[in-house]
Amino acid sequence: QVRLVESGGGLVQAGGSLRLSCEASGRTSDNSHRAWFRQAPGEAREFVAAISWSGCYTAYADAIEGRFTVSGDVAKNTIWLQLNNLKPEDTPVYYCATGGVGTSQRGYGYWGQGTQVTVSS
């Protein structure tokens, strides 16, 4: 079975940086992507970034391009999300997911438990 565990969230001031990690265990498809989504209380989950297994494909939400970077290491079965120049609007819980393709959460059948990012103003 596939299990995803996120870590790296925390409390930072606006303009600060965090590096989120998502370590996977179990068998995953080479054709599926890994992705990061985020969700604030009472709001819908939204796409943040995605990366293919090979790393040749990446995608970012327009609102965060240039500030966030997604990367991965197949050997370590881990992906990261580097969050720079954080803003209070970046505060939601961040989830990693796999099993889908592209920027939509539809098809991503495996999810981590989430890691909280809190950005103070």
Margin query: If we ignore hydrogens and angles and just use 3.5 Å, is the side chain of Y60 paired with the main-chain N or O of V70 as donor and acceptor?
Written below: yes
Check: Do I79 and W36 touch side chain to side chain, with heavy atoms closer than 4.5 Å?
Finding: yes
Next item on the list: Look at the side chain of T118 and the backbone N and O of L11, then say whether any donor-acceptor pair between them is shorter than 3.5 Å.
Entry: no
Check: Out of curiosity, S32 OG to Y108 OH, how far, rounded to the nearest 0.5 Å?
Finding: 8.0 Å
Check: Can any side-chain N or O of Q113 pair as donor or acceptor with the backbone N or O of E6 at less than 3.5 Å?
Finding: yes
Check: Which pair of non-hydrogen atoms, one from C22 and one from R34, has the smallest distance, and what is that distance?
Finding: O-NH1, 4.4 Å
Note to self: Would you say that T98 contacts L4 through its side chain, given a criterion of any heavy-atom pair below 4.5 Å between the two side chains?
What the structure shows: yes
Item checked: F68/Q82 under side-chain contact (heavy atoms from CB on, under 4.5 Å): CA gap, chis, key distance, verdict -> CA-CA 5 Å; F68 297 177; Q82 180 69 42; over 6 Å; no
Margin query: As a quick check of understanding, evaluate side-chain contact (heavy atoms from CB on, under 4.5 Å) for V48 and I64, giving each step before the final call.
Written below: CA-CA 7 Å; V48 178; I64 56 88; 4.3 Å; yes
Next item on the list: Give a yes or no on whether the backbone of S52 and the side-chain of H33 come within a donor-acceptor separation of less than 3.5 Å.
Entry: no
Notebook entry, point to check: Strictly under 6.0 Å, is that where the ring centroids of F37 and W111 end up?
Noted result: yes
Next item on the list: Could you name each residue pair satisfying side-chain hydrogen bond (donor to acceptor under 3.5 Å, both in side chains) that touches residues 11-23, not counting sequence neighbours?
Entry: S17-N84, S21-W80
Next item on the list: Rounded to the nearest 0.5 Å, what's the gap from OH on Y57 to CD1 on I51? Could you check?
Entry: 10.5 Å
Check: With side chains defined as the heavy atoms from C-beta onward, is the minimum distance between T115 and V93 less than 4.5 Å?
Finding: no
Checklist line | Heavy-atom closest pair, residues A50 and G102 | finding: CB-O, 3.7 Å
Item checked: Pairs where residues 81-97 contributes a residue and the test salt bridge (Lys or Arg N to Asp or Glu O under 4.0 Å) is met, not counting sequence neighbours -> R38-D90, R67-D90
Check: Side chains of E46 and T103: closer than 4.5 Å at any heavy-atom pair?
Finding: no
